[in-house]
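Residues: numbered from 1 along the sequence shown. Whatever order the structure lists ligands and atoms in, that order sets their numbers, starting from 1. What you see is a predicted model; the values in this text were computed from it and never measured.
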Amino acid sequence: MLRFDGQTVVITGAGGGLGKTYALFFASRGANVVVNDLGASTNGEGNSSKAADVVVEQIKAAGGKAVANYDSVENGDRIIKTALDAFGAVHILINNAGILRDVSFKNMKDADWDLIMLVHLKGAYRTTKAAWPVFRKQKFGRIINTASAAGLYGSFGQANYSTAKLGLVGFTETLAKEGEKYNIYANVIAPMAASRMTETIMTEDILRALQPDKVVPLVAYLTHAETQETNGIYEVGAGFVAKLRWERSSGAIFKTDDSFTPASILNRWTEIEDFTNAQYPSGPNDFLGLLESAKDMPSNPQ
Ligand code: NAD
């Protein structure tokens, strides 16, 4: 059994939905849990301490250790401070808080865009920024960021949300690269779960299969001290767990003289789109290596 005794876990948006199931699980496996929740509505309005309090009470009633924090994630440093004040440490950070401002792009207002960026991107940035020096100093940290299939693939009416969610993938990939030598591992999940976020857009049958606790095992595995996984992107829900990676066609390399014209692109379009011998790049330098082979090429056919 993977346990988390002595570990302090900060979970944002843990007053309901996925965050609550994470909080109950980690506490049941011996962790100290910071239950952060602003108590906002799904579209980010209002605030209440009740959501976090209820979860903390439930954990304590079961003999676990937890404290509440009611700050918005945009003040993520205060959430980390709560962990340090209460437990003297933070080992695991789960950036989970989230809201929706779904509207067609045509009707999207600046406020819909800005609030989504603030909660998802700035929020994850602020908590991570505050936890990072602690992680570096103790040479241990585990981070889970929460993306979405909407970010990976696009989703009607969610231009703001999908932008922020894919931003969290890039954020995670860079944290993973910068953190690895300090034993700070970062992974990102695109969950699928029944919650107030999804209950209005899915049928009852589907919602029954998508219980939020079915996301917990992957999150727990990825944050455990034994885990060596970092820089991963996972889709998870209803008992399905899969890893994603970037795929690039083997592409076409062009001589970059005057023959590099739009017509030369047209001539080799099939090659550009051909994924038969796909590559799986893992960083910007993979691209630069390809350029070596272009040096002695003849001009491009027109
Ligand atoms: P949820 O609405 O049940 O939970 C989100 C929690 O975040 C709420 O308790 C809310 O009060 C809290 N919150 C909102 N704004 C906050 C802020 N500024 N500061 C602190 N807390 C705040 O939704 P959920 O389905 O459990 O979603 C959890 C995460 O998973 C979100 O990031 C969401 O975008 C993501 N997600 C969920 C699904 C799904 O199928 N449920 C799919 C893809 C991504």
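Judged purely by distance below 3.5 Å, without hydrogens or angles, the side chains of T12 and N96 never pair a donor atom with an acceptor atom.
Atom CD of Q302 sits in a crowded spot, with more than 12 heavy atoms from other residues, nucleotides or ligands closer than 6.0 Å. Surrounding NZ of K109 are at most 12 heavy atoms belonging to other residues, nucleotides or ligands under 6.0 Å away. Environment of CZ in F275: crowded, with over 12 heavy atoms of neighbouring residues, nucleotides or ligands closer than 6.0 Å.
T276 places none of its side-chain heavy atoms less than 4.5 Å from the side chain of S250.
Taking the centre and axis of the six-membered ring of F254, the NZ or CZ atom of R268 falls inside the cone set by 45° and 6.0 Å.
Closer than 4.0 angstrom to ligand 1 sit non-hydrogen atoms from G13, G16, G17, L18, N36, D37, L38, G39, A40, D71, S72, V73, N96, A97, G98, I99, V119, H120, T146, A147, S148, Y161, K165, P191, M192, A193, S195, R196, M197, T198.
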